[in-house]
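Let me begin by presenting the structure, written as structure tokens, before commenting on it.
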Amino acid sequence: MSILKDILYKVAIEAVKGSTEITIGKIDFDSRKIAQNDLFVAIRGTISDGHEFIAKAIELGATAIVCDTLPETITEGITYIQVKDTNTALAVMAANYFDHPSQKLQLVGVTGTNGKTTIASLLYQLYKKAGYKVGLLSTVKIMVDEVEYKATHTTPDSITINQYLATMIAEGVEYCFMEVSSHGIHQKRTEGLHFVGGVFTNLSHDHLDYHATFAEYRDVKKSFFDHLPKTAFALSNIDDKNGPVLLQNTVAKKCTYALKSYADYKAQILESQLSGLLLKINGNEVWVKLIGTFNAYNLLAIYGTAIELGMESLEALRLLSELESVSGRFQYIVSEANITAIVDYAHTPDALENVLKTINDIRTKNEQLITVVGCGGNRDKAKRPVMGGIASELSDKAILTSDNPRNEDATVIISEMEQGVAPQNFKRILSITDRKQAIKTACQLAQPNDIILIAGKGHETYQEIEGVRHDFDDMKIVKELLEQLHK
């Protein structure tokens, strides 16, 4: 229970009708979850507008309404708060309601196109190994120290974020690592949070179904760094051409990491194998269990973050060497017939190219590389031909299939991927709509020593078709099929 005027602290209010001295049960933006004495926040979403459900919320017991446009009919005894932007107001109110939990731990946000999940998850793993109580807010899962919760969005809504952070405080968590998506920043879900640091990974073609242009996508990411406080650090990958841009206006301490450029945190790859990497980080050699150039960047970002948070350099390197790969991120098995199957979340052109180049750098070329890949439905269509082109160019055989077709026809998505395949590479591709059949075909084509890459879904354990989620786990399926077909 909280007093409404306390919840409204620092909210940009344009008009008030009614009393702000009333007691509020909880805050919610879903009218269906409203109960007696609750506060309803009317959010304009991409699918529906919360302003249309104000009457419904009052009917269910809401005693206060926060909106950007006052309704035509004002109900007696109800308090109406008009604000400029209800998304921002919700985030500020959520922080107030839960007593600013982000200020009571060390919260680090990780943003960029690729690598967010790996960096946040491995930072969680590293700090757990260092003996701390740690929290994680990621695409894959939410962790409150040892307790796991299911994640629904890369960046949850601001009420959920603050609720989990408050639970973390109650459990004595000292550090929390959080993925910060462009959607989350744009929808103001991170407003009102106190970050001690921000990490930028890279920027490539993604989410242009949501952001109108690449520049807008970049500037949304940049706004996260623009809002970091002076006491925070901003750690950016300056091998990415957008890396310096994201640091331009931040008042936080500017730090850089790179493999190719001069930077505060610098690494060289001395050896690259399927079993791991030998890296030289700021003059010290360390063997790590993760694979590929993209993971060298991820590990460098993790090292830089640990140092900025006050960890000793040699302790950070020792813990880096113990880190295990994240579920669905370059996760691999080797079958009895010596066929290597790799499952990776690569669902953008840049990520797919990185994974395929990594495999091609490590392999002997005496074996086949067979790639199974699709593109999601109801998402950015421009990347489909690009991904079809990359898969066919960098693999010996590419099987184009469905990913999460959602409400689109999978055959149409695949035909759009085929448009990016160069004429000389047509002989390398197969198009199989059914994803399980595509994986089965890859397993049937594979010979001993061959490599199968299954890209796009990674850690996901479902396939979304026409609004329904069906059980589907790439790793589980390829494991079973390799056992059946290569006894």
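- Annotation: side chain of H227 is not in contact with side chain of F195 (no heavy-atom distance under 4.5 Å).
- Between Y127 and Y132, the ring planes lie tilted relative to each other; the angle falls in the 30° to 60° range.
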Q.
Applying side chain to side chain contact (heavy atoms under 4.5 Å, CB included) to V110 and V180, what does each step give before you reach the verdict?
A. CA-CA 6 Å; V110 185; V180 178; over 6 Å; no
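- Side-chain atoms of T117 and R329 form a donor-acceptor pair, as typed in the model, at a separation below 3.5 Å.
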Can you check ring pair (Phe, Tyr, Trp, His ring centres under 6.0 Å) on Y149 and Y164, steps first, answer last? CA-CA 10 Å; Y149 299 88; Y164 277 120; 5.1 Å; yes
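- In this structure, N202 contributes its side chain and D239 its backbone to no donor-acceptor pair below 3.5 Å.
- Using a 4.5 Å heavy-atom threshold, the side chains of L400 and E418 count as touching.
- For the residue pair N354 and T293, no side-chain donor N or O sits within less than 3.5 Å of a side-chain acceptor on the partner.
- Ring orientation note: the planes of F177 and Y175 are close to parallel, at an angle under 30° on the 30°/60° scale.
- Counting only N and O atoms by type, the side chains of Q82 and T69 include no donor and acceptor under 3.5 Å apart.
- With rounding to the nearest 0.5 angstrom, the CD1 atom of I27 is 7.5 Å from the OG atom of S2.
- For the pair Y262 and I238, the minimum side-chain heavy-atom distance is 4.5 Å or more.
- Formation of a donor-acceptor pair under 3.5 Å by the D38 side chain with backbone atoms of I34 is not found in this model.
- Remark: K254 does not engage D264 in a salt bridge, criterion side-chain N to carboxylate O under 4.0 Å.
- Checked by atom type and distance alone, the side chain of K188 never pairs as donor or acceptor with a backbone atom of N87 at under 3.5 Å.
- Under the 3.5 Å distance criterion, with hydrogens and angles disregarded, no donor-acceptor pair is assigned to the side chains of H100 and N162.
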field: Test salt bridge (charged side-chain N to carboxylate O under 4.0 Å, His left out) applied to D157 and R189, step by step
entry: CA-CA 6 Å; D157 65 80; R189 295 181 214 160; over 6 Å; no
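- For E460 and N404, the side-chain atoms include at least one donor-acceptor pair closer than 3.5 Å.
- Here the CE-OG distance, from M178 to S138, works out to 11.0 Å after rounding to the nearest 0.5 Å.
- For the residue pair E393/N425, the side-chain donor-acceptor check at 3.5 Å is satisfied.
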**OP:** Evaluate side chain to side chain contact (heavy atoms under 4.5 Å, CB included) for R435 paired with K457, printing each intermediate quantity in order.
**Re:** CA-CA 11 Å; R435 190 173 181 91; K457 286 168 56 58; 3.4 Å; yes
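- Between the side chain of S102 and the backbone N or O of H194 there is at least one donor-acceptor pair closer than 3.5 Å.
- Between the S402 side chain and the A410 main chain, no donor and acceptor come within less than 3.5 Å of each other.
- Proximity of K104 to M168: side-chain heavy atoms (C-beta onward) are nowhere separated by under 4.5 Å.
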Using the rule given for side chain to side chain contact (heavy atoms under 4.5 Å, CB included), can you reason through T305 versus L235, listing the C-alpha separation, both sets of side-chain angles and the distance that settles it, and then say yes or no? CA-CA 7 Å; T305 300; L235 177 62; 3.6 Å; yes
Side chain to side chain contact (heavy atoms under 4.5 Å, CB included) between V373 and M387: does it pass, once the steps are laid out?
-> CA-CA 8 Å; V373 64; M387 287 182 72; 4.2 Å; yes
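- Counting heavy atoms of neighbouring residues, nucleotides and ligands inside a 6.0 Å radius, atom CD of E14 exceeds 12 of them.
- Between V199 and A301, the closest heavy-atom pair is CG1-CB, 4.0 Å.
- Contact record, K26 with Y97: CA-OH, 3.6 Å, taken as the closest heavy-atom pair.
- K280 places no side-chain N or O within 3.5 Å of a backbone atom of L270 that could act as its donor or acceptor partner.
- Test V326, N298, L126 against S121 for side chain to side chain contact (heavy atoms under 4.5 Å, CB included) and you get one pass: V326.
- Sparse packing is recorded around NZ of K5, with 12 or fewer heavy atoms of other residues, nucleotides or ligands lying under 6.0 Å away.
- For the pair K357 (side chain) and E353 (backbone), a donor-acceptor distance under 3.5 Å is absent.
- The pair E408-R384 counts as a salt bridge, with a side-chain nitrogen and a carboxylate oxygen less than 4.0 angstrom apart.
- Across T358 and G292, no two heavy atoms sit closer than the pair CG2-CA, 3.2 Å.
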Determine, stepwise, if the pair K289 / E324 fulfils salt bridge (charged side-chain N to carboxylate O under 4.0 Å, His left out). CA-CA 6 Å; K289 298 174 194 173; E324 306 280 349; 2.8 Å; yes
Working for ring pair (Phe, Tyr, Trp, His ring centres under 6.0 Å), residues F53 and H51: CA-CA 5 Å; F53 302 100; H51 290 76; over 10 Å; no
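- For the pair L39/M93, a side-chain contact is recorded, criterion being any heavy-atom separation below 4.5 Å from C-beta on.
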Where do K128 and E146 land on the salt bridge (charged side-chain N to carboxylate O under 4.0 Å, His left out) test, with the steps shown first? CA-CA 9 Å; K128 281 295 291 171; E146 304 282 354; 2.9 Å; yes
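- Residues Y303 and S313 have side chains that bring a donor and an acceptor to within less than 3.5 angstrom of each other.
- Within the 4.5 Å cutoff, no side-chain heavy atoms of C67 are placed close to those of I81.
- At least one donor-acceptor pair closer than 3.5 Å links the side chain of T167 to the backbone N or O of Q163.
- Between the side chain of S158 and the main chain of A94, no donor-acceptor pair closer than 3.5 Å is present.
- In this structure, E285 and L279 have side chains that are not in contact, with every pair of non-hydrogen atoms separated by 4.5 Å or more.
- The closest side-chain donor-acceptor pair between K221 and S182, if any, does not fall under 3.5 angstrom.
- Contact between L228 and A252 at its shortest, heavy atoms only, is CB-CB, 3.9 Å.
- Side-chain contact, N249 with K222: a donor N or O sits under 3.5 Å from an acceptor N or O.
- Contact detail for T113 and L203: the closest heavy-atom pair is OG1-CA, 3.3 Å.
- Side chain of Q331 to backbone of G328: a donor-acceptor contact under 3.5 angstrom is found.
- Here the side chains of I3 and D6 are in contact, with some heavy-atom distance below 4.5 Å.
- Salt bridge E174/K133: absent, no basic N to carboxylate O contact under 4.0 Å.
- Nearest heavy-atom pair, C176 versus L136, reported as atom, atom and distance to 0.1 Å: SG-N, 4.2 Å.
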